[in-house]
Protein chains: 2
Amino acid sequence: MEFGLRFYKKRTFKKGDFLLKPGQYIEHFYFMKQGCVSYYTIENGTSQVMEFYTEGYFFTDLYAYIQEIPSASYLEALEDVTVYSITKADVQKVFDHSHQLERFGRLSMQRTFVINFQRINDLRNLSNQERYLQLLKKRPELFQRVPQYLIASYLGITPVGLSKIRKRLSEK
Amino acid sequence: MEFGLRFYKKRTFKKGDFLLKPGQYIEHFYFMKQGCVSYYTIENGTSQVMEFYTEGYFFTDLYAYIQEIPSASYLEALEDVTVYSITKADVQKVFDHSHQLERFGRLSMQRTFVINFQRINDLRNLSNQERYLQLLKKRPELFQRVPQYLIASYLGITPVGLSKIRKRLSEK
DNA sequence: CGTATTTATTAAACTGGTTTAATAAGAAAT
DNA sequence: ATTTCTTATTAAACCAGTTTAATAAATACG
């Protein structure tokens, strides 16, 4: 959703800052210029990392954004972060103004569909070990900048479980 | 995507017929008037049911449709089926014709996003037993019309596993 | 109908994760 | 450098699933 650059405002966050906390309504879309943010919920006391957003990602809590409900999630800066943000109102303005950009919005949602579909397939058809290896291949840099227990959470397993997988792999 | 009804053609399929087989490009969107279709792939010899489409669902292999790649999936009539079908070309015509309907298309994709997001969350956060109970609650009629081993596949477990869950629940 | 086929359950052995707890290793701070 | 705090590994007991195979129940059909 890059639209008119004129709508974007540069913002920075320090490591540990929250771009979003549960209960808030979503007012912005973000483009990640520099840094890393984790998108997670807390389910019965433990954090469940849904995604890591790094350079080049467009992100927000899209689930709450679309439904216009209060977020149940956190967006937390895992490093110092620079984003360009656009307001929901400006996105709507852009859509209202142009059939072309409305289409662009639809096609963006389609790309998101494809990604989510693949994720559902992976969750259903791959083992934890296979998903770990896939992540290692697709986003190797994550392992340099994010603690392993957060990666475990992203993969849907415990830190102990991930450690076992790594051991098993290293023994071969 | 209901658009102009004039674009729709009524089609029927017999139980066991395929609306789609792997290798085919997607030419149609379907609206289920009557019956039940399973959407599945075959992964190393076993079928993986992704979805059951029943009365009121709009469906196709959206993943292949969007990407314009040959399908990897089956759409198989589990019962005699009546659908209304619209061609991809007609959908495109409708989008080209109207900003309003283009927006409708975008909002449809957003609804699909919400559903898929919830599914990812369920796969990550719920146990197999919880997902079984949820399905039982949300779509009880499925259990009357679809064999249990297909429901097991939909839940991402084996028929033996589902049988154990049911036994465990019935013992309480 | 009775027989054949499909579907569901059960048992037994196994597996890849879990939890809890202890320990070790690494990073940050005084 | 030593301490402190965070992160990662390991071990042990456990658990919810798996696979394979046998059996039972339900359904379809000649």
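Proteins get letters first, then strands, A, B, ... in listed order; numbering begins at 1 in each.
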Side-chain donor or acceptor of [X] paired with backbone N/O of [Y] under 3.5 Å:
| X | Y | value |
| --- | --- | --- |
| A/Thr112 | A/Ser108 | yes |
| B/Lys88 | B/Tyr65 | yes |
| A/Gln67 | A/Ala64 | no |

statement: 5'-most to 3'-most nt of DNA chain C touching chain B (<4.0 Å, heavy-atom partner on protein side) reads C/dT7 to C/dA11

- prompt: What about A/Tyr74 and A/Tyr39, are their ring centers closer than 6.0 Å?
  reply: no

field: Check: B/Phe59 ring centre within less than 6.0 Å of B/Phe31 ring centre
entry: no

Could you give the [atom1]-to-[atom2] distance, from [X] to [N], as a whole number of Å?
| X | N | atom1 | atom2 | value |
| --- | --- | --- | --- | --- |
| A/Asn128 | D/dA16 | CG | C1' | 13 Å |
| B/Lys167 | D/dA24 | NZ | P | 14 Å |
| A/Ile157 | D/dG17 | CD1 | C1' | 16 Å |
| A/Lys15 | D/dT6 | NZ | P | 12 Å |
| A/Leu78 | D/dT7 | CG | C1' | 15 Å |
| A/Phe143 | D/dT7 | CZ | C1' | 16 Å |

query: Between residues 148-155 of chain A and DNA chain D, which residues have a heavy-atom gap below 4.0 Å?
result: A/Gln148, A/Tyr149

query: Going through the checks in order, is the salt bridge (charged side-chain N to carboxylate O under 4.0 Å, His left out) test met by B/Glu55 and B/Lys33?
result: CA-CA 5 Å; B/Glu55 290 77 13; B/Lys33 170 69 174 167; over 6 Å; no

query: Linking I/L/V/M/F/W/Y whenever any side-chain heavy atoms sit under 4.5 Å apart, do B/Leu107 and A/Ile26 land together?
result: no

task: Hey, could you give me each pair passing ring pair (Phe, Tyr, Trp, His ring centres under 6.0 Å) that has a residue in residues 120-147 of chain B? Not counting sequence neighbours.
output: B/Tyr132-B/Phe143

field: A/Glu51 vs A/Tyr154 side-chain heavy atoms within contact, under 4.5 Å
entry: yes

field: Pairwise 5' ranking along DNA chain C for B/Val146 and B/Lys164, keeping only the more 5' one
entry: B/Val146

message: Over all strands shown, is A/Ile165 touching base, sugar-phosphate only, or nothing at heavy-atom distances under 4.0 angstrom?
response: sugar-phosphate

